[in-house]
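These numbers come from the heavy atoms of this one structure, side chains and all, not from hydrogens, waters or symmetry mates. Numbering starts at 1 and runs along the sequence shown. Since this is a predicted model, take the numbers as computed values, not measurements.
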Amino acid sequence: MLTVDQIPKLVLDRGYAALADEYSTREEVWRRFVTPSNIIVPSADELTDFPYGHRELDSVGLGDLEEFQGGQRIEEDQTYDGYVRQYKLRHLGKTLTIDEEMMKMRNAESIITGMIVDFARRQAGAASRFRNKYIAGMLQKGTLAAGSTEYFDGSYRSTPDTNKGKIYDGKPWFAASGNAHPFASGASPSGSQNVNLIASAALSSSTLDAAITSMEVHNAYDERGNEAESAYNRPRYLLVPSELRATAIAVTESELLPGTTTNDRNHNAGLVEPIVWPSLRDDTDAWWLLGEDCGLKVFDEGLPRLKTMVDEERRLIKVQSMLYFGAHVKNWRGAVCNNKATS
């Protein structure tokens, strides 16, 4: 037999132990390419509108240093407002109910402990699956010219997202030719300067070369189109679905250049790290090149929180699992998508 007062201690002692144990066995692929500095634990110190969301304004400008001689006036400049980025913090949860009558059973402690441990393990797995699925969904639906409100809607309490379905600049995360990312200054991008989606580019050594060059060009400009103000973002990861495993390994790890009859050296060998992600199922021949900073900001608690409540009216004990999570694009320049349609 158990009393109501004993349930919270079971949750604290056995539930959290099971939660942590199961969590340690889960691989979340996105953690391999999102830098730790861009994974934020949600709190009132970190989010402007905690626990609902966050808004931030980029300041750009000031340009490069200008040489001056003694007695000369130092060149004046000022900062300018860039884009406003709005992030929604999602509230996720699940409830386990324990009937008050169950606590009267002779073996109640054994049964209810088993229920709590199983619930905690399942919630650790559910949290990992949700995060993996969500970020994989962003990569795949981020190519849609029409946008995706499922993955790109920063609206939260009393704060609508003016770019609902798109990222902060009003474009899809991956913008194709004819729908390029704009500059905040209103200046017009030229060529492939602000294009990070190539709809027809099957993975090969030559298309990987083109994607690397494209990322380097993107990171030579800031949000207002000023040259050489962005920090260098080295191409770092080649992200592919399971079907492109062999091709990805060939173009990134072969000593000799794949597909050639001469002994040309593979200049891309060791340049980027291949990551195979089976969750990428939309287009099994699509692929992504990601920088050291892939451009994502993630708000994540890691382990779900467990809470115990008493529902006196229904004579139930409730064990709740709760989690804050949000993933958003803070800079599109950290990723290039290839061989994926815009619709």
### Task
Write down the atom of P42, the atom of L47, and the distance for their closest heavy-atom approach.
CA-CD1, 3.9 Å
### Query
With a 4.5 Å limit on heavy-atom distance, are the side chains of N268 and I212 in contact?
yes
### Task
Verify, without hydrogens or angle tests, whether W287 (side chain) and A201 (backbone) share a donor-acceptor contact under 3.5 angstrom.
yes
### Summary
Heavy-atom nearest pair, T342 first then A176, reads CG2-CB, 3.9 Å
### Task
For the pair S24 (side chain) and D21 (backbone), establish whether a donor and an acceptor sit closer than 3.5 Å, ignoring hydrogens and angles.
yes
### Query
Where the side chain of N163 meets the backbone of Y168, is there a donor-acceptor pair that is under 3.5 Å apart?
yes
#### Entry: Single-linkage hydrophobic cluster W173~V29, side-chain heavy atoms < 4.5 angstrom
yes
### Query
Is there a donor-acceptor pair closer than 3.5 Å between any side-chain N or O of K340 and the backbone N or O of L197?
no
### Query
If Ile, Leu, Val, Met, Phe, Trp and Tyr residues are connected whenever their side-chain heavy atoms lie under 4.5 Å apart, and connections chain through other members, are L239 and L208 in the same group?
no
### Query
Does some side-chain heavy atom of L296 sit less than 4.5 Å from a side-chain heavy atom of V329?
yes
### Query
So, does Q140 use its side chain to make a donor-acceptor pair with the main chain of D282 at under 3.5 Å?
yes
### Message
Taking A127's backbone N and O only, do any of them form a donor-acceptor pair with Y23's side chain (distance below 3.5 Å, no angle check)?
### Response
no
### Task
To the nearest 0.5 angstrom, please state how far the CD1 atom of I135 sits from the OH atom of Y151.
11.0 Å
### Message
A side-chain contact here means heavy atoms from C-beta on lying under 4.5 Å apart; do R333 and N233 qualify?
### Response
no
### Task
May I ask you to check whether over 12 heavy atoms, not counting those of R122, lie within 6.0 Å of atom CZ?
no
### Query
Is a salt bridge present between R315 and E101, judged by a nitrogen-to-oxygen distance below 4.0 Å?
yes
### Shortest non-hydrogen separation from T308 to V11 and the atoms involved
OG1-CG2, 3.6 Å
### Query
Is there a path of hydrophobic side-chain contacts, each under 4.5 Å between heavy atoms of I, L, V, M, F, W or Y residues, that connects V41 with Y324?
no
### Summary
Between L203 and T247, the two heavy atoms sitting closest are O-CG2, 3.6 Å
### Message
With a 4.5 Å cut-off on side-chain heavy-atom distances among I, L, V, M, F, W and Y, is there a chain of contacts connecting F130 to M322?
### Response
no
### Query
Is the number of heavy atoms from other residues, nucleotides or ligands within 6.0 Å of CZ (R14) greater than 12?
no
### Query
Between the main-chain N or O of S43 and the side-chain N or O of E46, is there a donor-acceptor pair closer than 3.5 Å?
no
#### Entry: Straight-line distance of M309 CE to T95 OG1, nearest 0.5 Å
8.0 Å
### Task
Using the side chain to side chain contact (heavy atoms under 4.5 Å, CB included) rule, take R131 and L323 through it: C-alpha gap first, then chi angles, then the decisive distance, then the call.
CA-CA 11 Å; R131 289 185 289 246; L323 180 73; 3.7 Å; yes
### Task
Fit a plane to each ring of Y52 and H91, take the angle between them on a 0 to 90° scale, and name the class: parallel (under 30°), tilted (30 to 60°) or perpendicular (over 60°).
parallel
### Task
Report the distance from atom CG of L290 to atom CD of E273, rounding to the nearest 0.5 Å.
10.5 Å
### Query
Roughly how far, to the nearest 0.5 Å, is the NZ atom of K141 from the OG atom of S148?
7.0 Å
### Query
At their closest point, which heavy atom of G291 faces which heavy atom of R236, and how far apart are they?
C-CB, 3.8 Å
### Query
Atom CD1 of I116 and atom CG of L19: how far apart are they, to the nearest 0.5 Å?
12.5 Å
### Query
Short question: side chain of D300, backbone of G302 - any donor-acceptor pair under 3.5 Å?
yes
#### Entry: Residue from K171, H181, H218 passing side chain to side chain donor-acceptor pair (under 3.5 Å) with N196
H181
### Task
Without swapping roles, check the side chain of N179 against the backbone of A175 for a donor-acceptor pair under 3.5 Å.
no
### Side chain to side chain, F183 and N194, heavy atoms closer than 4.5 Å
yes
### Message
Does any part of the side chain of F119, heavy atoms only, come nearer than 4.5 Å to the side chain of M115, both counted from C-beta?
### Response
no
#### Entry: Heavy-atom side-chain contact between C294 and V34 under 4.5 Å
yes
### Message
One thing to verify: whether R85 and E56 come together as a salt bridge, which I'm taking to mean a side-chain N less than 4.0 angstrom from a carboxylate O.
### Response
no
### Task
State the CD1-CD distance between I317 and E312, to the nearest 0.5 angstrom.
9.0 Å
### Salt bridge K330-D293, side-chain N to carboxylate O under 4.0 Å
yes
### Query
W288 and side chain to side chain contact (heavy atoms under 4.5 Å, CB included): which partner among V240, L280, L238?
L280
### Heavy-atom side-chain contact between I167 and Y83 under 4.5 Å
no
### Message
Using only atom types and a distance under 3.5 Å, with no angle test, would you say the side chain of T113 pairs donor to acceptor with the backbone of S110?
### Response
no
### Message
Can you classify the ring geometry of H54 versus F299 as parallel (below 30°), tilted (30 to 60°) or perpendicular (above 60°)?
### Response
perpendicular
#### Entry: Cluster overlap F174 with M138, hydrophobic side-chain contacts below 4.5 Å
yes
### Message
Ignoring hydrogens and geometry beyond distance, is a side-chain donor-acceptor pair present between H267 and D209 at under 3.5 Å?
### Response
yes
### Query
If every non-hydrogen atom of L139 is compared with every non-hydrogen atom of T143, which pair is closest and at what distance?
O-CG2, 4.1 Å
### Query
Side-chain contact, heavy-atom cut-off 4.5 Å: R90 with K88?
yes
### Query
Would you say the side chains of S155 and D153 form a donor-acceptor pair under 3.5 Å?
yes
